2 protein chains.
Amino acid sequence: MSATILIVEDEDDVAVLLRYNLEAEGFRVATAASGDEAVERIRDGVPDLILLDWMLPGLSGIELCRRWRAREETARTPIIMITARGEEEERVRGLATGADDYVVKPFSIPELLARINALLRRSSPQLVTAVLKAGDLELDRTSHRVRRGNREVHVGPTEYRLLEYLMRHPGRVYSREQLLDGVWGNEVYVDERTVDVHVGRLRKAINRGRDTDPIRTVRGAGYAFDERFAAAAANVVAD
Amino acid sequence: MSATILIVEDEDDVAVLLRYNLEAEGFRVATAASGDEAVERIRDGVPDLILLDWMLPGLSGIELCRRWRAREETARTPIIMITARGEEEERVRGLATGADDYVVKPFSIPELLARINALLRRSSPQLVTAVLKAGDLELDRTSHRVRRGNREVHVGPTEYRLLEYLMRHPGRVYSREQLLDGVWGNEVYVDERTVDVHVGRLRKAINRGRDTDPIRTVRGAGYAFDERFAAAAANVVAD
DNA sequence: ACCGCATGTCACTGAACTGTAACAACAATG
DNA sequence: CATTGTTGTTACAGTTCAGTGACATGCGGT
């Protein structure tokens, strides 16, 4: 059901960070610390997407990419290359060799996740839900629209990401810190109270004229998308 | 339903790149790395179009082209030759030998796709959707014309490709980066803000004297062709 | 060479968005 | 009920972002 991602990265720190974040997103993760190991992993099973560090000891990223593109089973597997800042020509060669996208180190996790999801949506639509639904609330990632009932509501970019993040795991409570990491990005330093303000803005936008609020405040802990919202709203509709 | 394209190309990089992009467009793809292999592939089945590298080991492109033109089944199959920069006489000879079009390496993918579609439209019209419609907006790929209502509007080449690209997937939001890749080509380095300017020009052209804008700006994300534009315009007409 | 068209970049403007602080409202505790 | 800590809300100032007109360049045709 969930997508498998292969991480090919020799720097342990980065690999661990990636694994952690991807698993938190619900992906299954395999890792390889070298080109040879990557080839072996692929033998075990073709992943749905590959994260490929361009600078590898031994078999280079380019070489790996070329090989995979040439083989029938992996020819259409999306590849995201990871390059260091400034390796401009590498990037060009990478895309020419068949990589589908790239991120530059140091990269932000939310951005990487967005790119991963975008590519998966293209290559394996069934693995990625393009539309998140809960009760009468709907978030369409393809068209970037949010609807409540049949009325479209406008939310700003940050509120959009926040809602998307919360809706991904209904019921799960996120601390303000987690939300800052997940929605704003790891390198951004923002006051925790700012989360409150954006939650407020999001609520105002999606609850305009309604009396049920899909966002639950957990005092002392953080916020969650109310997992009972879907059911409750369904009853209202049924009434 | 979809057209089959045979790629005859000995350089692996190029062949893979082509296969990938053509498959992404929905074409079925067969490849041959040499003239002899190409002859064999043709025996398996005549493709709807041939991409032919002019510089081949063994049987040359010219020779292949001549043979195919002489045979009944392949006489009318469109052939696009791929030549390296500077092979001026080759190009002339190619066209004389019966190639229908040519691209010069390195070529831009969008341009190649445009040429492929143009030729297919001529030879196998049933395989290619010629007219994209949405509401009172119409883009005719055969005549390269755009109409709004019953008035023809003039748009520049870039704006034309941009509109075509956006109309292909109504509702879908494309980042400026994606638009640069898809409309301008992967190897072109252009400022992202240039997209804004062209969107502006496109809007000016197609909205002249109207108040509905089919192009939606998604702040922080990119642009999309408004999927509800068709419906909205239909209502207006119905009123 | 000249002209017109298309293109990409820049600078400027207005609008949208963002983060912070201040204060009001609220819940929990004794 | 008073106190304290937490959350909701609003206003505001700073920042970012998209729209637009102007301009330089390049290209093809005459």
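Proteins come first, then strands; the chains are lettered A, B, ... in the order of their sequence lines, and each starts at number 1. Just so you know, these numbers come straight off a predicted model, no measurement behind them.
- Taking five base pairs at each end of the helix from dA1(C)-dT30(D) to dG30(C)-dC1(D) and finding the rotation axis that steps the C1' atoms of four pairs onto the next four gives two axes whose angle is 30°, to the nearest 10°.
- Looking at every heavy atom in both residues, Thr158(A) comes nearest to Val183(A) through O-CG1, 4.2 Å.
- The minimum heavy-atom distance between Leu52(A) and Gly61(A), with the atom names listed, is CD2-O, 3.5 Å.
- For the residue pair Met167(A) and Pro170(A), the shortest heavy atom distance occurs at O-CD, 3.3 Å.
- Close to dG8(C), at under 4.0 Å from its OP1 or OP2, lies a side-chain N or O of Trp184(B).
- The side chain to side chain contact (heavy atoms under 4.5 Å, CB included) test with Leu137(A) is passed by exactly one of Asn207(A), Val153(A), Leu163(A): Leu163(A).
- Annotation for Arg69(B) and Arg76(B): closest pair NH1-N, 4.4 Å, computed over non-hydrogen atoms.
- Computed from coordinates, the Arg216(B) CZ to dA18(D) P distance equals 14 Å when rounded to whole Å.
- Annotation for Ile116(A) and Leu22(A): closest pair CD1-CD2, 3.7 Å, computed over non-hydrogen atoms.
- Heavy-atom nearest nucleotides on DNA chain C were determined for Gly156(A) and for Val190(B), and the one closer to the 5' end corresponds to Val190(B).
- Under 4.0 angstrom from either OP1 or OP2 of dG8(D) there lies at least one side-chain N or O belonging to Tyr223(A).
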Query raised in the report: Reading nucleotides 20-30 of chain D from the 5' end, what letters show protein touch, with B for base, S for backbone sugar-phosphate only, - for no heavy atom under 4.0 Å?
Result: BSB--------
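- Here the C1' atom of nucleotide dG19(C) and the CG atom of Leu202(A) are 17 Å apart, to the nearest Å.
- Taking the six-membered ring for Trp and thresholds of 30 and 60 degrees, His144(B) and Tyr160(B) have nearly parallel ring planes, at less than 30 degrees apart.
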Requested in this report: With side chain to side chain contact (heavy atoms under 4.5 Å, CB included) as the test, would you mind laying out the steps for Ile50(A) and Ile80(A) before giving the verdict?
Outcome: CA-CA 6 Å; Ile50(A) 300 172; Ile80(A) 298 180; over 6 Å; no
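- Across dT9(C), dA21(C), dG5(D), the shortest atom-to-atom separation from the side chain of Arg219(A) is found for dG5(D).
- Phosphate contact (OP1/OP2 of dT7(C), side-chain N/O of Thr158(B), threshold under 4.0 Å): present.
- Looking at heavy-atom distances under 4.0 Å, Thr194(B) makes contact with a base.
- We find that CD of Glu159(B) is positioned 9 Å from P of dG8(C), with the value rounded to whole Å.
- You'll find the ring centres of Tyr174(B) and Tyr165(B) inside the 6.0 Å limit.
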Requested in this report: Take Asn21(B) and Leu112(B), measure what side chain to side chain contact (heavy atoms under 4.5 Å, CB included) needs, and give me the verdict at the end.
Outcome: CA-CA 10 Å; Asn21(B) 280 286; Leu112(B) 177 63; over 6 Å; no
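- Asp213(B) places its CG atom 13 Å from the C1' atom of dA18(D), with the value rounded to the nearest Å.
- One atom, NE2 of His198(B), and another, P of dA18(D), lie 17 Å apart when rounded to the nearest Å.
- Across the protein-nucleic acid pair, His154(B) atom NE2 and dG4(C) atom P stand 15 Å apart, rounded to whole Å.
- Across all strands, Glu192(A) comes closer than 4.0 Å to no nucleic acid atom at all (heavy-atom distances).
- Here the P atom of nucleotide dT7(C) and the OH atom of Tyr160(B) are 14 Å apart, to the nearest Å.
- Applying a 4.0 Å cut-off to non-hydrogen atoms, none of the residues of residues 167-175 of chain B approaches DNA chain C.
- The nearest pair of heavy atoms linking Pro78(B) to Asp100(B) is CA-OD2, 3.1 Å.
- When the P atom of dT7(D) is taken as reference, atom CD1 of Ile215(A) falls 15 Å away, rounded to whole Å.
- Sparse packing is recorded around CD of Glu177(A), with 12 or fewer heavy atoms of other residues, nucleotides or ligands lying under 6.0 Å away.
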